[in-house]
Every structure is written in C-alpha cells, then in structure tokens.
Amino acid sequence: MHKPIRSLIRIQLKMQYANAFQKPSVVIGLVFGIIGLLFLAMVFGGYMLQIIDVMYSLLEPSGNTDAILGTLFLMNFFLIFILSLMLIMNTFYFTEDITSFLHLPVHSYQLLIAKSLNPLIYVYLLTAAMYLPVTIFYGTLSGAGFMYYVYVLLLFFLIPTIPYALAAAVVMFAMQFVNKGKNKDRSKVIGGIIGFVLIILLNVVLRLQQDPEQIAQVIADNAEKGGLLQMATLYYPPASLMSHILTTAGSWQSLFYFVIVLLLAIAAGLLFFAAAQKFYMKGALGLNTGSGKVFNGKGLGRKPKSVISAYRAKEIQTIFRTPTFFLQCVAGAFVMPALLVVIFFMGDFASATTMIEGISGSMLFVVILFANVFSVGLNPISIVSFSKDGQSWEAHLFLPLTMRQIVIAKLQAAFLINLLPLTVLFVIAIPVIQMNLWEALIWVVIALLVNSAVTVVGMVSDLLYPKLGWTEETELFQNRLATLMSIIITASAFVFLFALLLILQMSMIFSFIVTVVWISVVIVLLTYIVSRLLKTADRTSLSR
Amino acid sequence: MIQIDHVHKQYGNKKAVSDVSLTVPTGKIFGFLGPNGAGKSTTIKMVTGILPVDSGTITINGKDITSDTIAAKQEFGYVPDSPDLFLRLKGLDYLHFLSDIYGIASDVREARIEEYSKMFSIYEALGDQIKTYSHGMRQKLFITGMLVQQPSVWILDEPMTGLDPKSSYQLKELMRNHAANGNTVFFSSHVLEVVEQLCDEVAIIRKGELLFQGTLPEMRERFQSDDSLEHIFLELTQDA
Ligand SMILES: Nc1ncnc2c1ncn2[C@@H]1O[C@H](COP(=O)(O)OP(=O)(O)O)[C@@H](O)[C@H]1O
Ligand SMILES: [Mg+2]
C-alpha cells in the first residue's frame, strides 16, 4: 500500500477509535449488547432462513433455486448502493475534518481510499450479516462442495466493491455541480440528489413492471432452468454471474465467471480512481463556505415564541442545516421506507397486493406494525437528542432553561421529524395494501404510538450514554452504545408484541387493543425512567 | 451584584480554584485579572452555572446559582471565552432564539438586533451560519446577543482577546455606560493594560488563589510594595 494512504488511515484510526474502549462501562455494555443482538439475530434470522427453506423446496422441482441467490445478490447491491450514497456524502464531503486534509500533498484517490475505511466497515458488516448466512444455508440445502464455500468467501470480498465504487462515482460527479451552484443551501441539494436517485430507482422498477402480461410471458418462456434467475437479475446483471459462480462452483465455467466478476470489480475500482482524480476536488474545495450573501434585513422582526417552541425551532433548524443530521434523519426518512417496499416486493405492486390480500387479522396487523417500527426505528434522530448538541450543550448550562423544558422540546422535535418516514411509508402503503378507511385509521393511530415509543426509547438511551465530546458529527453515529441500547430496547419490546399477536392469532380489533395497551405501557414505563434519570442526574453530569 | 463566598474547585487531583471570595458591586466595572491557567474561566463557569462548585456559595443579585438556578440565570448575560456554540444556526436565528428564551418583545428585539449588530459590523453576516464566522465575529455575535437581552449583570470571559480595536473600543464604552447606570459588569483578562484602562475595581488570581482585591490605585501601590504582586505584574505585562 502507498505510504500516504497508510498514514492517513492510521491517523483516522487514532482519531476515531483510540479512546472508545477505555471505559469499562462501554465494554460491559458492548458485550451485553452483542449478546442481545445475537439473540435477536437468531430469532429473526431463523425466521428468514425458514422462508428460504420454504422457497427452496418450492423452487426445486423447476430447477429455479438459483433465483434465491440471484435475489440475494440483487438486494445486496441495492442496499449497499443506497447505504454507500449516504456514507460517502458524509465522509467525503460534509465532515469537518476533511478540510484539515485538503491542504496535504496527497492525491485525491489516496485521501479517499483512506477515508473509505469507515464506510467500508459498515458496508462489509452489512454484507456479512446478509450474505453469509443465506449463502451458507443455501450451501447446506443444496449439498454444495468445498469449492462452493471458497467462492462464497472470495465473492464476499468482491461484491460490496462494485456498488460502493458506483455510488462513490455518482456522488463525486453530482457534488461538483452542488459546489458550483451559487446557492449552497446544501440540505436542498442533497435532498435533490437523493430524490433524483430514488426517481431513477423507481423508474427502473416501474419500467420493468409496465406490462405484467409481457413479464408473465417472459417467465413462461423461460420456465426451464435459470429462467427465474434471469428475471430476478434483470435489474443488475452481475447478480446472475455471481449466482452462476456459486451454482457451478468447481467447474471451469465458474472460474471463467469469477474472472469476469473480478474484472468488473477492478473496473469499478478504476471508476472510483478516475472519479476521485477528476471530480473530487471540484466538489470538495470551498464546499463548506458560507453563502456569501449580504444580509438584507429579512426576518429581522419575528413574533416572540414560548421557550419550548423557540427551543424546538432551534432543534429543527440545527437538524436541517447540518448535512450529517439532514442526511441521516431527514433524507434517510425518504430512502428507508421506499427501500423497504423495493426490497420486500422488488417493486412488484401487483404481487405485493395479492400477498397482502392473503394475509388477514393479526397477521396483517403485524405487517403494519413491523413496517412502522422498522421505518421509524431506523431513524437515529432521537438517539442523538442530547449528543448532537456536542459543545453547544454548555449553553444549556448558563441559559435559564429547565431540564424539563429541554426534554419536552427535544421530544417534540424528534417526534415531528419521525413523522416524515411514517408519512412516506403511509403514502407508499396506500396502493400496496389498498386500505379502507378503518384500516387507515388504525394505521395512523399505530404509527403515532410507535413513534412516541421509539422517540422515548431513543432519548432514554441517549440520556444513559450521551456522547457530547465529538469533534465532528459523523462520530455520533459510530460505535455508539446508545444506538445499540435503543435498538435492543425497541426490538425486544416489539418482538415480544409481534410474538404475542402471532401466537394469539386474534382478530384485527383485538390486536389493535393489545397493541395500544402494550405500547402505552412501554411509553409510561420509559417516561417514568426519564423522569427518574432527570432527578438523579443533573445536566452538568451529562457533559462529563 | 455578584457574591462569591469561599468557593473551591478541583479537577481530579488538581486544584483549579481554592477558597475564592469576591464581591462584585453594582455601578462599577470589575476586572478579574490573572495569567493563563490561573482559574479565571473556571471561576466564571461556576458563577454562570456551567460547572458545579465543590464547596462555597455564589449568588447573583441575591439569587443562589446552585439552589435557585433558573432565577439566577435570568439575571445575567454571558459571553464565553471560546464562543463556539450553536455553530449550525444562522446568526439571526441565534439572536431570535436568545430573545425568545429571555422573553424579549418583538419590536424591542428588532430594534436592538439591528442597532448592535450594525455597531459591531456583523449585520451583513446575520444570514450566514455561525460556523462560517471568524473567532472575532462569533465573539461579536455573542456580545450582540447579550446586548439584545440587556440583563442587569454582564459576565464576559476575556472579551477583548479576539476583537479588533474599533469593536474593542465600542465594547468598553458600552461597559462603562452599563456600569454608570448602576449595573454590574464582571470581566476577565490576562492583560494588565486592558484592566488599567477600564476598571474601577480589580481582583487578581494566580494558581487558583486570590492575591488581591481592591481599586486601581490600591493595586498600583501594592505592585511596588508587595513582592508576590511584583512578580505577577511582570507576568501580566510581558504578554500584553
Ligand atoms: N476541564 C478541565 N479539566 C481539567 N483541568 C482543567 C479543566 N479546565 C481547566 N483546567 C485547569 O484548571 C486551571 C485553570 O484553568 P482556567 O480556569 O481555564 O484558567 P484561565 O484563568 O486561563 O481561564 C488550569 O490549570 C487548567 O489546566
Ligand atoms: Mg480562560
């Protein structure tokens, strides 16, 4: 490896990870957290593998089992691509520390390879969680040989590189225009880019859906072995290559395909290199400067607000004006629900509708609940309620604000922002589920309750494990115990609920009542914990 | 009026402030003088409620910062030494936020924001995020915020350090006026000259201990007679 890259990586490791594991409480929390997560993963993963088991036995007679692998590679591509878009915008452009590297005599690609360390950790973790269990399980189902597992491992290192490099190239290409624009109101611009990408994605999906007749024909025509795989990988051709490598593992053919995938990965790497050298500096230099507009007196007079609404406004302004928070908490709100639908139904509204129609009573209810929890639970807004203030937390100590006012305003702000993903999900769900008025009403009530519960959970975990001493916003989303805590609390509360509903198999209305009661209990309990925490811990203790 | 009574503060094993007692009277400009690391900021942070006191009491206009926190905080305005707060807000949003917290009526705040931000020549930058301000501009914004709030007690931590001469002059004028109107002005500095120009009364702190409190003429006299003060006189003038 080049020497500059190595030293750049080393300094970043020092800056971000050096002190993370020194506190014993962090280590203990981490150990328990990992055990908890493993348990949850086993429960959920077991469920997923069961589905795959069923799919395998359904597809086996027609010899279409490789469609499972194709779908896996496809999903992995989409997920990594979207995740990389966000991570790359953050780490390449909007972190504060990037300006401290720009004056160094290193090439853009060297800097960016070093900067890719963190995003790649995430990308590979996600791939490991998704790809490894499924391929290994598939291997045992199909009685695969040694070479299969060798290729599984080799592909593991290759597959994330392609979507990652593509996403990086897209972002670098787009950012040079963002930087050129006079109005660098970044939040709007980022929103624009994400909207743009989403539209392309939806277009692809819709285009392929245009004519169900035609698609049915294609499926019928390709009913022989490999047909379904072809269908599944229409969206992303390398997925079919990768599936072939695994299904024909050991043969010369698979080696040939593997070389092609390897070449594709190298091409992606070259694309990354070219984009870095050509576009990066144009996008990054001067990005974090002000608008340069002279203030013209607009908004000088404003109506006075109450303390809580002034504070809430400040919270929301801060979130919208901080690119990292905007990406994670606002833009992410639009991406995740859409992604949820794309992943689960591969954009196939028709089949989703039939699938949903087959579900009724508490099962439909569980689907609604799950979708809501998933989309709002992924939004980190409440988990950084306090931590996002960072150094500015000090201001709370000399301003005449009570902790009660601060907490209420922060809860309101988080609740309001969490309404975004819920609304997006609701809008997407209308054509998919074709709800009647009554179901829509249930949906809304559930969404609001889930939102309150998740918001309070997030805040509790941030109160317990605040992180105010960051030097840049992205650190907030890295190795946070609070994140882990809140995922565990949320997941356990809801897994219990899901299980209860599924076991009891009640009618819609009873499920509704049980849910409302259960979530209310959770909220009351957590609110009690918050008030206890506020009594014992005054706010100066938060800053240490 | 600020009353500091036998206050102690320790960071770990390190004593930062030991047994400091001070009375900052109304109607006077009070300078808090000491070399770097003497404990000035630590004391001011305890006065403003940012740090808890280890022992001792502090009251502002008779309100105890530890027990009657919110009421005490309503009494003062504070300009921190490193004004790196609320960086993502626009200057104007910050001033409105502050006005809302302190309940400043809308016509009053509009006039004050305009007057003082123009006085400190940051008016044109009010539409930009504080992040893009220079150190001096941030300081001016926080000073403007305090002037919009117009509390009776002003607490400023090394306010002149980042300011250009014109703004520094204007701030001094404002401080004089404020004190002349019967209010309290408490500021810290590590430069003897600033204190000599401005103050009616001085306290000198070194290594967390109060060496002297009194008027300027008293201080000059003591500098000549007292060995320890003569020593600190050198420290304070060398880096001026
Ligand atoms: N957060 C802290 N942790 C440990 N020591 C500190 C901290 N803040 C200040 N100190 C120490 O306390 C002493 C007084 O610091 P300070 O009050 O900032 O001095 P100054 O008079 O320059 O404002 C210094 O020796 C400093 O090193
Ligand atoms: Mg200081």
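In the text below, chain A, chain B and the rest are named by the order of the sequence lines, each starting its count at 1.
Rounding to the nearest 0.5 angstrom, the gap separating the CZ atom in B:Arg88 from the CZ atom in A:Phe326 is 13.0 Å. Rounded to the nearest 0.5 angstrom, A:Leu300 CG and B:Ser117 OG are separated by 7.0 Å.
Heavy atoms closer than 4.5 Å to chain B are found in the backbone of A:Asn296, but not in its side chain. For B:Tyr133, no part sits under 4.5 Å from any heavy atom of chain A, backbone or side chain. Proximity to chain B involves both the backbone and the side chain of A:Tyr311, based on heavy atoms less than 4.5 angstrom apart.
Side-chain N or O atoms of B:His96 include none that pairs as donor or acceptor with a backbone N or O of A:Gly301 at under 3.5 Å. Within the 3.5 Å criterion, the main-chain N or O of A:Ser306 finds no donor-acceptor partner in the side chain of B:Asp100. Between the side chain of B:Lys73 and the main chain of A:Leu397, a donor-acceptor pair closer than 3.5 Å is present.
With a 4.5 Å cut-off on side-chain heavy atoms, B:Phe86 and A:Lys314 count as touching. The side-chain heavy atoms of A:Pro304 and B:Arg109, taken from C-beta on, include a pair separated by under 4.5 Å. Under the 4.5 Å side-chain criterion, counting only non-hydrogen atoms from C-beta, A:Phe398 is in contact with B:Leu85. At a threshold of 4.5 Å between non-hydrogen side-chain atoms, the residues B:Lys90 and A:Arg321 count as touching. Contact of the A:Leu399 side chain with the B:Phe97 side chain is registered, since non-hydrogen atoms from C-beta on lie closer than 4.5 Å. Between B:Leu87 and A:Thr322, the closest side-chain pair of non-hydrogen atoms is not below 4.5 Å.
Pairing each heavy atom of B:Ile70 with each of A:Leu401, the nearest pair is CD1-O, 3.2 Å.
The environment of NZ in B:Lys15 is sparse: at most 12 heavy-atom neighbours from other residues, nucleotides or ligands sit within 6.0 Å.
Each of B:Leu92, B:Leu95, B:Ile113 was compared with A:Arg302 under the side-chain contact (heavy atoms from CB on, under 4.5 Å) criterion, and only B:Leu92 meets it.
In terms of heavy-atom pairs under 4.5 Å with chain B, the best-connected choice from A:Glu394, A:Lys303, A:Gln405 is A:Glu394.
With sequence neighbours excluded, the residues that form a side-chain contact (heavy atoms from CB on, under 4.5 Å) with B:Glu158 are B:Lys40, B:Thr161, B:Ser188, B:His190.
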